Student: 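Starting off with a structure, shown below.
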Amino acid sequence: SHWAAVGAGAGLCCAPPRGQGAPGEGRVTSDAIRMLNTLQTNASYLEQVKRERGDPQAQLEAMQGFLERSGLKVEDLDRLNIIHVTGTKGKGSACAFTECILRSYGLKTGFYSSPHLVQVRERIRINGQPISKDLFNKYFWLVYNRLEETKDPVHASMPAYFRFLTIMAFHVFLQEKVDLAVVEVGIGGTYDCTNIIRAPVVCGVSSLGIDHTSILGDTMEKIAWQKGGIFKPGVPAFTVAQPERPLEVLRERAQERKCPLYLCPELDDFEEGCRALELGLAGAHQRSNAALALQLARMWLHTELVGRPVPVAPAFRLTDAMIQGLRDTEWLGRTQVLSHGPVTWYLDGAHTTSSIQACVRWFRQAALNQDKPHDGSEVRVLLFNATGDRDTAALLKLLVPCHFDYAVFCPNFTEVSVANNADQQNFNVTLENALTRCLENQRTWTTLLEERVGQDPWLPSPLWVGGLLQPAPTRGSLLLVPPAPRPLNSPALVFPCLAQALQWVAQGRDPHLAAPTASGAHPHPAASSGAVLLREAAVVRVLVTGSLHLVGGALRLLDPALSQ
């Protein structure tokens, strides 16, 4: 899901009168975020998209109406010199590379992306940095008040969360006078509210895969058709290597929309005759994202490229700014490593089968490259959660070969109660529902291990029975509720929130995390024996994956500076 978690405990507040809400006038960012959180939930927006999918023109007209009520016209967006990027996997990374390359030329860049990991301000960036709290306040209330004031019997509604933020981003970029805006599509392309953009400078399509099937379709061809919906007449578009049939669908969409489409060469072609390029984002899968970014940035810089309707875009000699941009690119929560003493956290928001495969390759390689402890006492932990209608069993099956010593499952909530953290709230998922999903994931993991042990006699047996850790009704301690007995023990535990899960994994050895409290101790030998091993291991390696929201919550706790 690309919408922010918006959830229980968000207090309603009244919109300030026109002219109020600017810094120093009594409004704080949390008020704006709480009001933002009332603008429909992720679930209701998805239902709205499903209802409107048969008439994309009506959807775009509705978005245009909201834009005009906010004080902008579609024609105003032409001044933003937009780079519009879609795809299933890597579109955010490709955007991050593109933005950093162009910023390396001294250009003032705007960057709109989703979802946010820690704070909603991350979605709207200027020169690579989230907009300040003051700017967020200023533009939120500017847009919100205009929409409130233009309500009438015909236009009585407010735009949903993602639509509102998209409109707000356009206001920010126009009034802050960026030289260009890199805009990441939310979901799909044809029906996405960013597709109100009518004249981008260039479009890009990153790797395609299966995701959001209830909206985009259940085949790669259907999804490719949706992604190709951002193509515009006469506007060049680039894509990376794709399977044959989806690539053919993109080609057909490009012809239908009179859009010149180019296939990006591999990054290897840019490295011929020179040293290997250094990328700021780790993982072999980032090379195709970097190759796409180079073409998008070059096209923006040159605005013209002569060629056949569907040629392979040529490799070209890279400038120093391009090389620097690739090297300096940062994109939180994607193949990110945090070394905190003996505990190393590997964070990647992979949430599709193909992205989990890439994550596994990256994690295994990254772990191999680290120095091995002399006594060999290394413990590997998986911290996992998945949301939406994703096939969790398929994702977990891909993670089994990493040979984790423990698997930990928890919801995306940083705390059991997130009422005081508007950025992380979620109206759509209750704690009970989230824990039920975690227990299902735990049972799936157990089954997968049983199957693997049956196939591989050399695989060590799992260590202990897992269980559910939950708050006691009388105090904040933890109680272990064992699941139904299974024929084979499973190295898995379920925690009610990220804070408790991370504290158990780190066992007081990460300076950013508190040690598990004595009042939170529980009697079950599974957790206590695991705690001993984690405290005594020379090295603890933790892979956090399955959901960008899970990774965002973990980052909030592991890097407190991101919340400032």
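What you see is a predicted model, and the numbers here were worked out from it, not measured in a lab.
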Student: Do Val235 and Cys259 make a side-chain contact, defined as non-hydrogen atoms from C-beta onward lying under 4.5 Å apart?
Tutor: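 Result no, sub-4.5 Å side-chain heavy-atom pair not found.
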Student: Does the gap between the ring centers of Phe404 and Phe363 come in under 6.0 Å?
Tutor: yes
Student: Looking only at heavy atoms, what is the nearest atom pair of Arg257 and Gly228, with distance?
Tutor: CD-O, 3.6 Å
Student: Will you find, in the side chains of Ser132 and Asp134, an N or O donor that is under 3.5 Å from an N or O acceptor?
Tutor: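 Side-chain D/A pair, Ser132 to Asp134: absent.
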Student: How many angstroms lie between atom NZ of Lys89 and atom NE2 of His285, to the nearest 0.5 angstrom?
Tutor: 10.0 Å
Student: Strictly distance-based, threshold 3.5 Å: is any side-chain N or O of Trp362 a donor or acceptor partner for the main-chain N or O of Tyr346?
Tutor: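 Such a contact is absent between Trp362 side chain and Tyr346 backbone.
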Student: For the residue pair Asn412 and Ser547, establish whether any side-chain heavy-atom pair is separated by less than 4.5 Å.
Tutor: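 The answer is yes, as the side chains (C-beta and beyond) meet within the 4.5 Å cut-off.
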Student: Given 3.5 Å as the limit, does a donor-acceptor pair link the side chain of Thr239 with the main chain of Val205, or not?
Tutor: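 Side chain of Thr239 to backbone of Val205: a pair is present.
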Student: When the ring planes of Trp445 and Phe409 are compared, do they come out parallel, tilted or perpendicular, using 30° and 60° as the limits?
Tutor: perpendicular
Student: Would you say that Val408 contacts Val381 through its side chain, given a criterion of any heavy-atom pair below 4.5 Å between the two side chains?
Tutor: yes
Student: Taking Ala506's backbone N and O only, do any of them form a donor-acceptor pair with Arg509's side chain (distance below 3.5 Å, no angle check)?
Tutor: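 Flag not set: sc Arg509 to bb Ala506 has no pair under 3.5 Å.
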Student: Examine distances only and state if a side-chain atom of Arg121 and a backbone atom of Ile131 form a donor-acceptor pair shorter than 3.5 Å.
Tutor: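 A pair under 3.5 Å: yes.
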Student: Between Tyr139, Phe140, Phe170, which is the residue that forms a ring-ring contact (aromatic ring centres under 6.0 Å, His included) with Phe164?
Tutor: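 By the ring-ring contact (aromatic ring centres under 6.0 Å, His included) criterion, Phe164 pairs with just one of Tyr139, Phe140, Phe170: Phe140.
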Student: So, taking the atom named OG1 in Thr414 and the one named CG in Leu550, what distance separates them when rounded to the nearest 0.5 Å?
Tutor: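 Interatomic distance, Thr414 OG1 to Leu550 CG, rounded to 0.5 Å: 11.0 Å.
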Student: Show your reasoning for whether side chain to side chain contact (heavy atoms under 4.5 Å, CB included) applies to Thr353 and Ile356.
Tutor: CA-CA 5 Å; Thr353 52; Ile356 287 287; 5.9 Å; no
Student: Might you point out which heavy atoms bring Pro401 and Lys397 nearest each other, and give the distance in Å?
Tutor: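 That closest heavy-atom pairing would be CD-O, 3.5 Å.
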Student: Using side-chain heavy atoms (C-beta onward) and a distance below 4.5 Å, is Leu267 in contact with Leu279?
Tutor: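 A side-chain contact exists here, since the closest heavy-atom pair is under 4.5 Å.
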Student: Would you say Gln119's side chain and Leu562's backbone share a donor-acceptor pair under 3.5 angstrom?
Tutor: yes
Student: Find out whether Phe238 and Met299 are in side-chain contact, i.e. whether some heavy atom of one side chain is under 4.5 Å from a heavy atom of the other.
Tutor: yes
Student: Answer yes if the side chains of Arg361 and Gln357 hold a donor-acceptor pair under 3.5 Å, and no otherwise.
Tutor: no
Student: Please name all residues satisfying ring-ring contact (aromatic ring centres under 6.0 Å, His included) with Tyr112, sequence neighbours left out, ordered by chain then number.
Tutor: Phe162
Student: Which heavy-atom pair separates Ser113 from Glu122 by the least distance, and what is that distance?
Tutor: OG-O, 4.1 Å
Student: Strictly distance-based, threshold 3.5 Å: is any side-chain N or O of Lys227 a donor or acceptor partner for the main-chain N or O of Gly87?
Tutor: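 Looks like yes, one N/O pair under 3.5 Å.
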Student: Please indicate whether Gln175 has more than 12 foreign heavy atoms, meaning atoms of other residues, nucleotides or ligands, lying under 6.0 Å from its CD.
Tutor: yes
Student: Could you report the tightest heavy-atom contact between Gly229 and Asn195, atom names first, then the distance?
Tutor: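 So the minimum-distance heavy-atom pair works out to O-ND2, 3.1 Å.
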Student: Considering non-hydrogen atoms only, spot the tightest contact between Glu221 and Pro246 and give its length.
Tutor: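 Of all heavy-atom pairs spanning Glu221 and Pro246, the closest is OE2-CD, 4.3 Å.
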Student: With side chains defined as the heavy atoms from C-beta onward, is the minimum distance between Leu77 and Arg198 less than 4.5 Å?
Tutor: no
Student: Once you round to the nearest 0.5 Å, how far does CG of Leu534 lie from OG of Ser377?
Tutor: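 Going from CG on Leu534 over to OG on Ser377, the span is 11.0 Å.
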Student: Looking at Ser114 and Arg123, what are the two nearest heavy atoms and their distance?
Tutor: CB-NH1, 3.6 Å
Student: What is the distance from atom CG of Leu102 to atom CG of Leu301, rounded to the nearest 0.5 Å?
Tutor: 5.5 Å
Student: Would you say the side chain of Cys410 lies within less than 4.5 Å of the side chain of Leu498, judging by non-hydrogen atoms?
Tutor: yes
Student: Spell out, as yes or no, whether a donor-acceptor pair under 3.5 Å connects the side chain of Ser104 to the backbone of Met322.
Tutor: no
Student: Counting only N and O atoms by type, is there a donor-acceptor contact under 3.5 Å from the side chain of Asp348 to the main-chain atoms of Thr545?
Tutor: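 Judged by distance alone, no pair lies under 3.5 Å.
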Student: With ring centroids as reference points, do Phe270 and Phe316 lie under 6.0 angstrom apart?
Tutor: yes
Student: Keeping to residues at least two apart or across chains, list the salt bridge (charged side-chain N to carboxylate O under 4.0 Å, His left out) pairs with something in residues 168-189.
Tutor: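 Applying salt bridge (charged side-chain N to carboxylate O under 4.0 Å, His left out) to every pair that reaches into residues 168-189, excluding sequence neighbours, yields Lys91-Glu184.
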Student: With a 6.0 Å cut-off (strictly less than), is the heavy-atom count around NZ of Lys108, excluding the residue itself, greater than 12?
Tutor: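 Atom NZ in Lys108 is packed in, count exceeds 12.
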Student: Would Leu117 and Arg334 satisfy side chain to side chain contact (heavy atoms under 4.5 Å, CB included), going step by step from the backbone distance to the final call?
Tutor: CA-CA 11 Å; Leu117 297 185; Arg334 285 79 168 179; 3.9 Å; yes
Student: Do side-chain atoms of Arg390 reach the backbone of His351 as a donor and acceptor pair under 3.5 angstrom?
Tutor: yes
Student: Apply side chain to side chain contact (heavy atoms under 4.5 Å, CB included) to the pair Leu383 and Leu543, showing each step before the final yes or no.
Tutor: CA-CA 6 Å; Leu383 178 55; Leu543 175 62; over 6 Å; no
Student: To the nearest 0.5 angstrom, please state how far the OG1 atom of Thr329 sits from the CZ atom of Arg103.
Tutor: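 Reported value, rounded in 0.5 Å steps: 8.0 Å.
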Student: Are Arg245 and Glu248 close enough for a salt bridge, meaning some N to O gap below 4.0 Å?
Tutor: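 No salt bridge links Arg245 with Glu248.
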Student: Measure the shortest side-chain to side-chain distance between Leu332 and Leu555 over non-hydrogen atoms and say whether it is less than 4.5 angstrom.
Tutor: yes
Student: To the nearest 0.5 Å, what is the distance between CG (Leu180) and CG (Leu80)?
Tutor: 9.5 Å
Student: Counting distance only, does the side-chain N/O of Gln242 pair as donor-acceptor with the main-chain N or O of Ser206 below 3.5 Å?
Tutor: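 Checked: pair present.
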Student: Does the separation of the ring centres of Phe111 and Trp331 fall below 6.0 angstrom?
Tutor: yes
Student: Please determine whether side chain to side chain contact (heavy atoms under 4.5 Å, CB included) holds for the pair Thr166 and Ile196, giving the CA-CA distance in whole Å, both sets of side-chain angles, and the decisive distance to 0.1 Å.
Tutor: CA-CA 10 Å; Thr166 303; Ile196 196 172; 5.7 Å; no
